[in-house]
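Ligands are counted one by one from 1 in listed order, and the atoms in each one are counted from 1 as well.
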Amino acid sequence: MKEYDYLIVGAGLYGAVFAHEMTKQGIKCLVIDKRPNIAGNVYTEEIEGINVHVYGAHIFHTNNRKVWEYVNQFAEFNRFTNSPVANFHGELYSLPFNMYTFNKMWGVVTPEEAAEKIEEQRKAAGITEPKNLEEQAISLVGTDIYEKLIKGYTEKQWGRPCTELPSFIIKRLPVRLTFDNNYFNALYQGIPMGGYTKMVANMLDGIDVRLNTDYLQNKEEMDAMADKVLYTGPIDAYFGYSLGNLEYRSVRFETEVLDKPNFQGNAAVNYTDRETPWTRIIEHKWFEFGTQPKTVISREYSSEWKPGDEPYYPVNDEKNSKLYNAYKELAAKEKNAIFGGRLGEYKYYDMDAVIEAAIKKSKGF
Ligand code: UDP
């Protein structure tokens with residue numbers, strides 16, 4: 001008899017939800033994480049009374065009522081609505097692309113005028129069937145918006161030309177012929193009051209957790225503790241990179257406390273020109289309508305992942321997708337281990353989809 005039924009590697013959202021669900025079914029779980037903290041990349045830390053999103057901004061949004069009710073068991077959510085502002089060499093535009101954006105870009109006033117302008121630019125670019133992100137973007141919003149609000153940002157974010165990126169990345173962004181700055185087309189949206197760390201701690205309440213514990217470096221010893229393993233780390237690392245490295249994009253954050261109450265007046269400002277080295281600046285207090293006398297900002301710099309860096313975004317291009325599928329075949333042959341989450345499944349997952357997947361994996365919902 002081993003001490004635990006399940007060893008859960010990674011105390012992020014996927015691991016915490018899975019652990020919570022399994023524990024509810026009477027299955028004894030141990031959750032481990034190599035970091036000194038729980039909550040994975042949704043980890044928030046309080047600085048100057050402000051919940052700082054240490055591993056990047058996370059705005060919870062979903063159309064799935066069950067998932068929404070599920071997360072509300074662990075935290076109360078505020079009414080935050082994501083409305084980023086784009087800064088192109090000091091010119092400000094509303095995001096996502098909507099009538100405010102089109103009016104500022106072209107002076108158009110009606111939805112018909114905006115649609116005509118987009119159609120005109122799409123035709124001039126001669127795109128019928130978009131084959132890559134550039135063509136997809138131009139056919140959605142025209143050349144001007146592509147040049148000022150998409151090209152520079154996307155190339156900084158992904159470190160590749162837009163002609164070499166898959167079009168699905170840009171489909172995450174809505175295009176609207178209405179005056180609506182809400183970034184997400186989601187029924188439910190908000191930030192857990194008191195921070196994500198508290199929410200994940202509530203999920204893990206009553207469950208054994210060991211931090212500063214690296215699974216892959218102590219695999220044998222850790223495997224001896226439980227019958228089964230859920231692994232939420234990078235799938236290629238699990239197999240010792242035996243088939244080669246999957247590529248990720250990484251992000252570096254430069255966080256600063258400023259002795260003023262308001263730096264940019266919005267939670268997120270995207271710097272969409274190529275020349276500004278950071279992709280965006282997050283001003284954390286605005287996620288929770290903060291009234292603190294100081295403010296905390298994080299500049300985000302995107303970089304290619306190399307061993308030792310934190311992996312953030314899977315690069316789901318053809319080459320990497322193929323390699324992932326090969327790892328997935330290896331994973332299917334593992335008798336006692338299952339894989340999940342953004343890194344375990346090499347998938348550009350949103351939080352709600354992660355939660356849904358973890359619940360399904362635990363045979364809930
Ligand atoms: N994007 C862009 N300009 C922006 C914001 C986003 O071109 O101002 C593109 C970019 O290619 C990015 C994609 O839209 O990778 C998805 O953006 P999202 O904000 O959903 O990315 P995340 O918040 O997950 O980094």
Side-chain angles (χ1 to χ4, degrees), residues 13 40-42 53 55-62 80-89 91-98 100-102 104-105 130 132-176 181-186 189 191 247-253 264 266-274 276 278-282 287 298-305 310-317 342-343 347-354:
L13 215 41
N41 278 6
V42 304
H53 296 216
Y55 297 96
H58 285 80
I59 299 136
F60 195 87
H61 58 98
T62 188
F80 180 81
T81 301
N82 190 25
S83 310
V85 169
N87 180 325
F88 177 80
H89 291 304
E91 285 172 35
L92 300 184
Y93 293 92
S94 295
L95 290 174
F97 312 119
N98 72 83
Y100 289 110
T101 328
F102 305 139
K104 177 94 190 249
M105 188 68 71
N132 53 49
L133 196 151
E134 175 173 294
E135 295 186 0
Q136 181 70 58
I138 293 172
S139 76
L140 284 172
V141 288
T143 317
D144 291 335
I145 289 181
Y146 169 68
E147 296 287 345
K148 286 191 166 180
L149 305 184
I150 299 175
K151 192 171 192 286
Y153 186 91
T154 301
E155 296 191 352
K156 285 192 285 187
Q157 162 87 356
W158 296 97
R160 291 157 175 73
C162 289
T163 46
E164 286 172 24
L165 284 164
S167 49
F168 81 86
I169 294 176
I170 200 73
K171 286 197 201 138
R172 286 169 61 85
L173 276 157
V175 178
R176 303 191 186 106
N181 286 332
N182 184 350
Y183 200 67
F184 299 118
N185 274 325
Q189 178 169 192
I191 302 282
E247 292 175 296
Y248 299 89
R249 290 299 289 174
S250 193
V251 190
R252 184 170 59 81
F253 299 97
Q264 62 184 18
N266 203 33
V269 175
N270 293 358
Y271 285 76
T272 57
D273 57 78
R274 199 70 189 79
T276 307
W278 52 84
T279 50
R280 57 187 165 194
I281 301 182
I282 300 299
F287 288 126
S298 299
R299 288 189 171 76
E300 276 185 45
Y301 299 83
S302 182
S303 62
E304 194 67 33
W305 177 87
E310 294 287 350
Y312 283 85
Y313 298 92
V315 180
N316 289 110
D317 60 9
R342 191 180 267 225
L343 304 176
K347 194 169 169 183
Y348 191 178
Y349 255 139
D350 283 333
M351 287 183 281
D352 62 332
V354 163

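- Pairing each heavy atom of L13 with each of V42, the nearest pair is CD2-CG1, 4.3 Å.
- Protein residues with a heavy atom closer than 4.0 Å to ligand 1 are L95, L149, I150, Y153, T154, Q157, W158, I169, I170, R172, L173, Y183, N270, T272, R280, Y313, Y348, listed by chain and number.
- Taking both residues in full, the closest heavy atoms of W278 and K156 are given as O-NZ, 2.9 Å, listed atom of the first, atom of the second, then distance.
- For R160, the salt bridge (Lys or Arg N to Asp or Glu O under 4.0 Å) partners at least two apart in sequence or on another chain are E247, E304.
- Here F287 pairs with H53, F80 under the ring-ring contact (aromatic ring centres under 6.0 Å, His included) rule; sequence neighbours left out.
- Within the structure, every pair that satisfies the salt bridge (charged side-chain N to carboxylate O under 4.0 Å, His left out) test and touches residues 134-146, not counting sequence neighbours, is listed here: K131-E135.
- In this structure, N185 and P174 approach most closely via the heavy-atom pair ND2-CB, 3.4 Å.
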